[in-house]
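Each remark here refers to the structure printed beneath this line.
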Amino acid sequence: MSTILVFCDSKNGKLKPTAREAVTGAMKLAQGLNAAVTAVTFGECADAASLGNTGAKKVIQLTNPELASFSAEGCAMAAAELCKSEKPVAVVLSASASGKEVAPRLAARINAPLLSDCTDVKVESGSVCALRPIYAGKVLLWAKISAPLGIVTLRPKAFLPVETGGSAEVVAQAVALDGSKIRAKVVAEKMQEGGMLDVTEADIVVSGGRGLKGPENWHILEELAGALGGSVGASRAVVDAGWRPHHEQVGQTGKVVSPSLYVAVGISGAIQHLAGMTTSRTIVAINKDADAPIFKVATYGIVGDALEIIPKITEEVKKVKAE
Ligand SMILES: Cc1cc2nc3c(=O)[nH]c(=O)nc-3n(C[C@H](O)[C@H](O)[C@H](O)COP(=O)(O)OP(=O)(O)OC[C@H]3O[C@@H](n4cnc5c(N)ncnc54)[C@H](O)[C@@H]3O)c2cc1C
C-alpha cells in the first residue's frame, strides 16, 4: 500500500489542532489513492499516538536535536529526507503559519508541485485535486496535480477532525540532517498578551471594524469573545488607525480565518476583508446599515447599533452558559 505523509504542527511537545485537521484531510485522499496515512512530528509529542484516532496508521516522531526548536529550513530538510525514504504519493501540511513556511521549501527541495491554502481535496482519475479560493476568495478553483507526487496545504479549520477509533504505531526516528546548513531558527518566543488564541486557530472569532467608533469601545467585543470562548479580530481600517494590533487583522493583507463562527461587528464587508473570512462556517454580521455588503455573505444579520446590541448578546451568552 502506498503512503501519504502528513507533516504535523506541534508546540511544546504537544500536537496543535491543525495536526488532526491535516490528517483528516489526508484521509479523504487516502481512500481515493488506496494509501495509508503516516503522520510525522518534528520532535517528540506526548500525544502523538492520538493521531491514530484520526486515521493515521503510523506516526513517525523525528528525534533529530536540530528540530528541538522550530526552523522552517530544518523541518523542510528533514521532511525532504523522509520523502526520499518513504516515497509518498502525496504530502499534506496545514496552511498554518509554520506550514506556510515549510511547504514551499519542501516543494523546492523535492521538486514537487504545491497547492497552497486549500479548503477541500479529492482524488479524480488517480490524481490529487484540491480546492483553492482565488481572486481574494471570489472564485473557487479545483486544481489537479499531474506530477507523481504533489504537496497540498490545508487552510486551518477547513477540515474538522473526524475520529475514526483507529490506533497508530508510533516510531521514533532520526533522519540525515546537516545542522550547519540551518541558517535561521527560533531562539525565543514572546507570548501575546491576553491569553486568547491567534485568530487563525480560534474556533470563534469576533471581529470589529470602524463601526465601533474607537478603541475605547473594544472591551465589548473582548467580553463577547471571552463569553463565547473565542478570539478578537479586526478590520484593516482599525488596525491602520492604531486601534488594534496588526496580528488581529483579518483579510487579504491580514490573516485568513475559517472558524465555525465569525461575528463581524461594524465591518462594512469590503472585498479585501471578505478575502479573509468567507470560508467561515457561520457568519453573523452586525451593522447599522442594512445595505452593507457584509450582509451578502452573512448567514445571520442584525441591523442596528453594535454598541447597544453586543452587550445584550454577551449577557444572553453568559446566561445560556451558566444554565
Ligand atoms: C490593497 C488593500 C488591501 C486591504 N486589505 C485589507 C484586509 O486585509 N483587511 C481588511 O479588513 N481590509 C483591508 N483593506 C481595506 C478595505 O478596503 C476596507 O477599507 C476596510 O475593510 C474597511 O474597514 P471597516 O469595515 O472597519 O470600515 P468601514 O468601511 O468604514 O465600515 C464601517 C462599517 O461600520 C458600520 N457602522 C458604523 N457605525 C455602526 C454602529 N454603531 N453599529 C454597527 N455598525 C456600524 C457602517 O455602516 C459601515 O458598514 C485593504 C484595502 C486595500 C486597498
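Atoms within a ligand are numbered from 1 in the order they appear, just like the ligands themselves. Note that this is a predicted model, so its numbers are computed, not measured. Any value given below was found using the heavy atoms of this structure, including those in side chains, with hydrogens, waters and symmetry copies removed.
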ask   = Any ion pair linking Arg20 and Asp47 (charged N to carboxylate O, less than 4.0 Å)?
value = yes

request  = Can you run down the side-chain hydrogen bond (donor to acceptor under 3.5 Å, both in side chains) pairs that involve residues 228-245, sequence neighbours left out, and say none if there aren't any?
outcome  = Glu222-Arg244, Arg236-Asp240, Arg236-Thr253, Arg244-Glu248

Could you list the donor-acceptor pairs under 3.5 angstrom formed by side chains in residues 124-150, with sequence neighbours left out?
unit_1	atom_1	unit_2	atom_2	d
Glu124	OE2	Lys122	NZ	3.1
Arg132	NE	Ser116	O	3.1

ask   = Under the side-chain hydrogen bond (donor to acceptor under 3.5 Å, both in side chains) rule, what pairs show up with a residue in residues 303-314, not counting sequence neighbours?
value = none

query = With a cut-off of 6.0 Å (strictly less than), are more than 12 heavy atoms of other residues, nucleotides or ligands near NZ of Lys16?
reply = yes

task = Collect the protein residues that have a non-hydrogen atom under 4.0 Å from ligand 1 and hand them over in chain and number order.
result = Gly209, Arg210, Gly211, Lys213, Ser235, Arg236, Ala237, Gln249, Val250, Gly251, Gln252, Thr253, Gly254, Gly266, Ile267, Ser268, Ala270, Gln272, His273, Asn287, Lys288, Asp289, Gly304, Asp305, Ala306

message = Quick check: is Val175 connected to Ile151 through a chain of hydrophobic side chains (ILVMFWY, heavy atoms under 4.5 Å apart)?
response = yes

